[in-house]
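Note sheet for the following structure.
Chain letters run A, B, ... following the sequence lines, proteins first, then strands; residues in each count from 1.
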Amino acid sequence: MEVIGAALGSIVEEMGEALVRASFSTNIKERRDCSTALFDRDGRTLCQAEHIPIHLGSFLELIPEILRRHDPAAMRPGDVFIGNDAHAGGGTHLPDIVLAEPVFVPGEEEPAIVAWCVNLAHHADFADRGNAHIFQEGLRIPPIRLYRAGELDRDVLELILLNCQVPRERLSDLRAQMAANRLGAARVQALCARHGTATVLGAGAALMDYAERRMRAGIAAIPDGVYRFDDVHDSPEVAEDLPLSVEITIAGDAMRLRFDGPPQVRAGINMTRTALLATVYYAVKAVVDPGLPPNAGLARPLTVTATEGSVLSCRAPAAVNARLSTCQRVADLILGALAGAVPERLTGAHHGACSVAQFSGYTDQGPWAYLETIGGGFGARATKDGLDGVHVHATNTSNLPVEALETEYPLTLLSYELVEGSGGAGTWRGGMGLRRVYRAEAECRVRLDTSRLRTPPWGLAGGLPGACARLEFGPGVAPFGLGGRGGLQAGQWVAVVTAGAGGYGPPAGRAPERVARDAAEGVIGVQAARRFQCM
Amino acid sequence: MAWRVGVDTGGTFTDICLFEDAPGDRPGRLAVWKIPSTPADPSRAIAEGIAEGLARLGAQPRDVAYVGHGTTVATNALIQQRGAKTGLITTRGFRDLLEIGRQKRPDLYDLQVDKPPTLVPRDLRLEVPERVLHDGRVEVPLDEAALRDAARRLRAAGVAAVAVCFLYSFLRPEHERIARRVLEQEIPDAFLTMSHEAAPEFREYERLSTAVVNCTLGPVIQAYVRRLAERLRDLGVPVPPHLTQSNGGVLGVEAAARLPVRLVLSGPSTGVVGAQAIGAAAGFPDLLTFDMGGTSTDVALLQDGVAGMAPEAVVHGYPIKAPMLGIHTVGAGGGSVAFVDAGGLLKVGPRSAGADPGPACYGRGNAEATVTDANVVLGFLPPGALLGGRMPIRRDLALAAVERLGARLGMDAMATAEGILAIVTANMARALRVISIQRGHDPRDYTLLAFGGAGPLHAARLAREMEMRRVLVPAAPGILCAMGLLLTDLRADFATTRLLRLDDPATPAALEAGFRGLAAQAERWFAEERIAPASRRLRRSVDMRYAGQNYELGIAVPEGVGGAALLAALRSGFAAEHERRYGFLAEEEPVQVVTARLEATGVVRKAELRAAPPEGEDAGAAREGERPVWLDGAWRAVPLYARDRLRPGNAIAGPAIVEQMDSTTVVPPGWTARVDGYANLVLESA
């Protein structure tokens, strides 16, 4: 089982590496905004590569949805399914396009499906659209065949490409996605030929049992009780603040999480239930046992409920494009609640966002679209400072090198720096936020997104909150209104300043030599006061 | 009479390999000397070891014609954060880039993991006004007064080294050149690295990181190589030492001291070079090398005698742009500790009991079972002593440790010990898969070359797991690294980034111009190393991709071809490699050349391996009785052989165990071993 588990791990890593290296769009080739996984024939996760936790949300319901819509008996080797829809296909937002391919091995009479190779790439398209409901957000693709027995369905492909702003990048990335799945399928077939299909299937099931046992052992080690946490979500997409809460009940080796949030909104920050589940699996694994194998077994001891039709578990036709900022706040909620049980394992609040800067426009070569996400502060720990300027929780994409960004797009970066004074004070300091300043070299449309604009990231055990996020607008730029959208002329600039993170323990407890170092490095200072003056 | 000397400094022992450069047809003598390392100043053990080794052979230091040295000083300084106090000067707005890196957190799930420490603290990272744009235009000229002011602040702070990294310096190095001049005036004693000197390639963070690592290592390595050169001079050795780089080639001391960042894989790369020579002589040019020590295992793939080279890698958390042999390391060794995790599953490593206290069987206080203990329990290692009797072994302690572990799993000691070996084998197989299957190579087409203290013990089991049918165990597996030093050419790599479209008619001329510039650098290097014209070799390659991709594939440039024929050759070479690696072509996409690379080699006279004639199959003269070994669920009496008494041509049928001073080779049932003309053991499965 250990041997086959290691082999499955290598297969998903190899698929991911192939996808990144062969892809064309910056969002995948440099920022690695993609994931790969293997599922068993019933649609349960066998193994997910260590890429982006939220992507699991798009995988979770996809295979079951395919199996509901298509007769497995009619599937043939070389069939490839494509899908992205959040309400009718298991996705979490439309740019995340998933390709799924059933893996066949020789059966008693004819080839039989033994597993599924799945990969997801965030196609940084669908720019400058609306987010009132999902029909504004881009093309909805239910799980349908893109390939039939190895033959590309050109009609389907053309329909998809016509709905994209940069079809050439989409085509190339889809090709890289295809290649990654092909590779995975060949590896799974070789594994079955080597060990026997029954052994591989048996090991897959045993690995899930193993993950479940470890998760149960981990939960059992946490004191029984009911732990509650409340927080307030904010976003440039909505005028009002959104109260969120969770109640976690630990009883023996099982955990129940009950979420509550306001009704879904006419904005892109709603989460589908699969996005909620992926976030819960991430956060619980991080607190209970970070080394757990990422398969379906770890979910068995967990019961997750949320009000249907709320921002935390929305219904069609809710818009979902910016669901990740809500996921980040949900992860912080879970951490905040579990801090009541095992504070020594937890942190001050992280920066609470997956901050986005999206640009699009037209040049002589045609339309262009670029999206990037920006990290921020990582909460202070019980025995050490938080991390500065990193991605947290449900995402972990790379930045794009300045020298690559400026060569590919009509943008110039004026600054990329840590935000002084943004890390919450404490015995251990919260991580610092980032400031990234973009100058447009040509007229373009822009969308900026972040969170914790009004509600600072909380500290833990007496640690102070970190600084809030903000958007900055250069001379002549009209501040963007609701939705975080606006335009730039050549020469104008905007900046995203992401939030810091909460501190841990009372500031008076900080060792004098650390205080001196903080002062020398300028990580605290005159701006420290700002953290209490969030907008 | 001239002697060539290879020195490999390990954590525990310093290995000295001495080879007699005999005149005429007489085969040269090969001798090995091992002495304890002196970690505080590794050059002390080196000088002493060379002196003692020569004395034993009746030779004099003045007889030494060449000294090659693989060092872990650079790696250790990086791991232990013992680099020099370094300052950094960057383009305004970007001083924090060193700390931000690629903005990813180090572990996806574990909230307690930290990033590797930033090598320059924030107060020593200064910014100056200057800005070059992506097309090479200067938007903000360098503010020299601000630069001078920054230099003075760093001098006041007492830095020993200064790195400078400006945006687009790979394209327009002028501002960094001015910075060097100003810094040389303001801080004359500091070690300086301009990013375009260390890595003239695009992607600013990786270039910055390379420059900074080079700076922190600079003063440390300079002091070390100068001390080593001095000790050898004092000893009477008439030649300066050469150091192995991460690319497997050697460099003179001064060049090494200028670019110490190229030494971070100096240690393990010598093993790969040794493996390459042994494999080529034995007739097995396609190899997976398997170097297993006490704490970790290094693996590499050699295709047609050539090890894969990566143009950059992340070493101990720091990205480094420098050519490095594709060596993959996994935390699995003889000292790796076995334990039961929270899910009730048996796991092995990466935590190691090290050399002290070491495995339970060493009797130095460790009670946890290790891989070595499992081998002792099963009888693969002798119950009495290791290292030719120098290291006493207590089987009772090994057995007790394995039994305790087994009790938690509900398994008996023998099954537990077998489980430990199965799991450590799976871990090592995963490392081999990364460098073979994951890069499009089928391991079944390769021979497993096993070395390091524990390599030969595990090799056949690992080969079986990988479905490989042949294992090669060199004559002296414990000192292959030191031996590799005597088989290494001088080598330097030069590169220049030039974005060229393959369908542009101006490309061949631009490419030629780029290579001419690199060739001029190579000429200067040849002259500096005093390499005779007849011994100079150049190899050209380019990194290519489809326009729009961000990862390039290295493609060899054929010699003697120009113009359209050159472009056609590059196009087909790229297509073949893309198809092999990724399984598809994007024919409508334009192809780009990104970086031109020139590999310069100075061929040196190497220790020559000569085959001895076979002396018959009967290995009876090397027989040393037998020992009970647990095989397939039962004790079996397995014959033992003394490696140093085996003669070329001897053949052994498994099961058998071949013992030598610093290593043990297991020949499993169904495998045979024969001794080739170079005293290698060649194991093959039926």
Tell me, side chain or backbone of [X] under 4.5 Å from chain B's heavy atoms, or both, or neither?
| X | answer |
| --- | --- |
| A:R32 | side chain |
| A:L19 | neither |
| A:L387 | side chain |
| A:T347 | side chain |
| A:A520 | both |
| A:H393 | backbone |
| A:I28 | neither |
| A:V437 | neither |
| A:R517 | side chain |
| A:T395 | backbone |
| A:R182 | neither |

Take B:Q103 and A:Y416 through the side-chain hydrogen bond (donor to acceptor under 3.5 Å, both in side chains) test and state the conclusion after the steps. CA-CA 11 Å; B:Q103 89 173 2; A:Y416 184 32; 3.3 Å; yes
Without swapping roles, check the side chain of [X] against the backbone of [Y] for a donor-acceptor pair under 3.5 Å.
| X | Y | result |
| --- | --- | --- |
| A:E406 | B:L133 | no |
| A:E521 | B:D123 | no |
| B:R203 | A:P401 | no |
| A:E14 | B:R433 | no |
| B:D110 | A:P290 | no |
| A:K384 | B:Q112 | yes |

Winner by heavy-atom pair count (cut-off under 4.5 Å) against chain A, out of [options]:
| options | result |
| --- | --- |
| B:L97, B:L108, B:L553 | B:L108 |
| B:E465, B:R95, B:E206 | B:E465 |
| B:R92, B:R105, B:E467, B:E127 | B:R105 |
| B:L171, B:L167, B:D107 | B:L167 |

What option among A:L171, A:L292, A:L413, A:L434 has the most heavy-atom pairs under 4.5 Å with chain B?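 The answer is A:L413.
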Test log, rule side chain to side chain contact (heavy atoms under 4.5 Å, CB included), inputs A:D289 and B:Y109: CA-CA 9 Å; A:D289 186 347; B:Y109 297 100; over 6 Å; no
Are B:D341 and A:Y210 close enough, and set up right, to give a side chain to side chain contact (heavy atoms under 4.5 Å, CB included), and what steps lead you there? CA-CA 11 Å; B:D341 76 0; A:Y210 164 70; 2.2 Å; yes
Decide yes or no on side chain to side chain contact (heavy atoms under 4.5 Å, CB included) for A:N399 and B:R102, but give the supporting numbers first. CA-CA 5 Å; A:N399 54 21; B:R102 298 304 295 268; 3.0 Å; yes
Salt bridge present between B:R172 and A:E403 (N-O < 4.0 angstrom):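 A salt bridge is absent here (no side-chain N lies under 4.0 Å from a carboxylate O).
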Passes side chain to side chain contact (heavy atoms under 4.5 Å, CB included), A:D388 versus B:R122? Steps please. CA-CA 12 Å; A:D388 301 319; B:R122 201 158 187 268; over 6 Å; no
